[in-house]
Structure formats: structure tokens, C-alpha cells
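What follows is a short report on a single structure.
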Amino acid sequence: MSKKIFFTTVATLMVASLPFTALADDFDGSKPLTCASIFSAECNAAEQECITGAPWMINFPVFIEIDFKAKSVSTTKLHENPRTSTINLVSKLTDGQTAIQGIDDDFAWSMLIAEETGSMTLSISGEDTGYLIFGACKPN
């Protein structure tokens, strides 16, 4: 099976597994979440180029776990390089989204989760490198 077909299949299954009538309370920071990364981009200012495609192409984990009580975002045991990052800020926006932010090493990151659908956008910013990850989250 080609990587493109596999990627499309995984993305379709993840989106299809989201509840059609998700409750906003599931994504407002009150419950732990598991998020699946579906599409990614890595851009480098010095080389003036971007790599786009599946998250594993840029060594980003397919699944991440968000624990609001522990204030952490972690890779799952499936990822070859386990990491945990501290959540510094959680904000509920007026338009039904939850924003999560933190700093890890020399990178700042910000994640936005739509409470109605569970869709997720994550940006990670470094000095001359930026990452953009799109995905979907579900309550644990």
C-alpha cells in the first residue's frame, strides 16, 4: 500500500471516528484528549523551503495526549522519542475554541481546538524553523 493511500485511509478513519454531535464540554479543557496528527508542514527560513505531508515525514508523532489537570502534552508510547511539554496557558475563546500554549526548549507552541468538532491546529515556532500540524482530537 502506498504511503499516500495509507495516509488518506488513516485521515479518513480518524475524522470518521469523531462524534457527529460532540459536546463542547469534551473539548473545553475539562477532559483529557488524544489528538491525531493528519497533515503537517515544516518550513525553514534559511533554506526558504517547506516540507509538507504526513506528520511522520517531519518526525512528528501521529498521536499526542493532552492532560489538562497535569498541564502536559505528551507523545504516546507509540512514538520512538517520547516527549512531554508543559502547558503554560489554557484559554477558552468566545467563538467555541480552546487555545493551549507552551514553551519547550527553544520553541514556542500554540494549539487551537474547535470545541464543536474536535479539529486541531498546532503551530510550533523556532528561531528559523516553523511547524504547522492539522489534526483531530477526541476525549479519552
Side-chain angles (χ1 to χ4, degrees):
M1 177 183 288
S2 76
K3 284 186 180 183
K4 186 174 183 178
I5 293 172
F6 177 77
F7 171 70
T8 303
T9 303
V10 169
T12 302
L13 290 174
M14 285 307 300
V15 172
S17 70
L18 290 173
F20 290 108
T21 58
L23 300 174
D25 291 345
D26 289 343
F27 301 100
D28 66 357
S30 64
K31 297 180 181 179
L33 304 174
T34 298
C35 301
S37 307
I38 298 171
F39 181 77
S40 65
E42 173 186 17
C43 297
N44 184 297
E47 297 173 12
Q48 296 183 352
E49 69 178 8
C50 294
I51 299 169
T52 62
W56 55 86
M57 293 174 65
I58 61 169
N59 198 28
F60 192 83
V62 176
F63 297 104
I64 56 174
E65 297 175 326
I66 302 171
D67 186 335
F68 292 99
K69 289 183 182 174
K71 294 189 174 189
S72 67
V73 175
S74 304
T75 59
T76 64
K77 294 175 184 174
L78 298 173
H79 196 258
E80 62 189 50
N81 299 316
R83 291 193 61 131
T84 298
S85 183
T86 301
I87 296 172
N88 297 102
L89 178 68
V90 176
S91 299
K92 186 172 170 128
L93 306 180
T94 57
D95 63 349
Q97 298 183 86
T98 299
I100 307 166
Q101 297 177 322
I103 297 170
D104 193 353
D105 294 330
D106 292 330
F107 292 88
W109 58 269
S110 182
M111 180 185 294
L112 196 63
I113 301 170
E115 295 173 4
E116 188 174 310
T117 63
S119 67
M120 176 265 299
T121 303
L122 169 64
S123 62
I124 304 168
S125 304
E127 182 178 353
D128 64 355
T129 303
Y131 301 87
L132 191 58
I133 316 300
F134 295 97
C137 300
K138 71 173 199 66
N140 292 346

I'd like to check Met111 versus Ile66 (side-chain heavy atoms, cut-off strictly below 4.5 Å). Are they in contact?
yes
Charged N-O contact under 4.0 Å between Arg83 and Asp105:
yes
Please identify which of these residues, Ser123, Ser125, Cys43, meets the side chain to side chain contact (heavy atoms under 4.5 Å, CB included) condition with Leu132.
Ser123
Applying side chain to side chain contact (heavy atoms under 4.5 Å, CB included) to Thr98 and Glu115, what does each step give before you reach the verdict?
CA-CA 7 Å; Thr98 299; Glu115 295 173 4; 2.8 Å; yes
So if I apply the side chain to side chain contact (heavy atoms under 4.5 Å, CB included) rule between Leu122 and each of Leu112, Ile133, Ile113, which one comes out positive?
Ile133
So which atom in Pro61 and which in Ile64 form the shortest heavy-atom distance, rounded to 0.1 Å?
CG-CG2, 3.6 Å
Which heavy atom of Ala36 sits nearest a heavy atom of Met120, and at what distance?
O-CE, 4.1 Å
Taking all heavy atoms of Glu65 and all of Thr75, pick out the closest pair and write down the distance.
OE1-O, 4.4 Å
Heavy-atom pair of closest approach, residues Thr84 and Ser72:
CG2-CB, 3.8 Å
We want to know whether Glu42 and Thr129 form a side-chain donor-acceptor pair, criterion being a heavy-atom distance below 3.5 angstrom.
no
Do Ile38 and Phe134 have side chains that get closer than 4.5 Å, going by heavy atoms?
no
Out of curiosity, does Val73 fall in the hydrophobic cluster containing Phe107 (side-chain heavy atoms, cut-off under 4.5 Å, transitive links)?
yes
Smallest heavy-atom separation, Asp67 atom then Lys69 atom, equals OD1-N, 3.1 Å
Grouping I, L, V, M, F, W and Y whenever their side-chain heavy atoms are under 4.5 Å apart, do Tyr131 and Ile51 come out in a common cluster?
yes
Is the side chain of Thr117 donor-acceptor paired with the backbone N or O of Ser119 at a distance under 3.5 Å, no angle test?
yes
Asp106, CG: over 12 other non-hydrogen atoms inside 6.0 angstrom:
no
Is it the case that the side chain of Asp104 and the backbone of Trp109 share a donor-acceptor pair, with hydrogens and angles ignored and the cut-off at 3.5 Å?
no
Between Gln97 and Ala114 the two heavy atoms that sit nearest each other are CG-CA, 4.1 Å
Within 6.0 Å of CD in Glu49, more than 12 heavy atoms from elsewhere:
yes
Shared hydrophobic cluster, Met57 / Val62 (ILVMFWY, side-chain heavy atoms < 4.5 Å):
yes
For the pair Ser40 (side chain) and Ala54 (backbone), establish whether a donor and an acceptor sit closer than 3.5 Å, ignoring hydrogens and angles.
yes
If you define the side chain from C-beta out and look only at heavy atoms, does anything of Leu89 sit under 4.5 Å from Ile87?
no
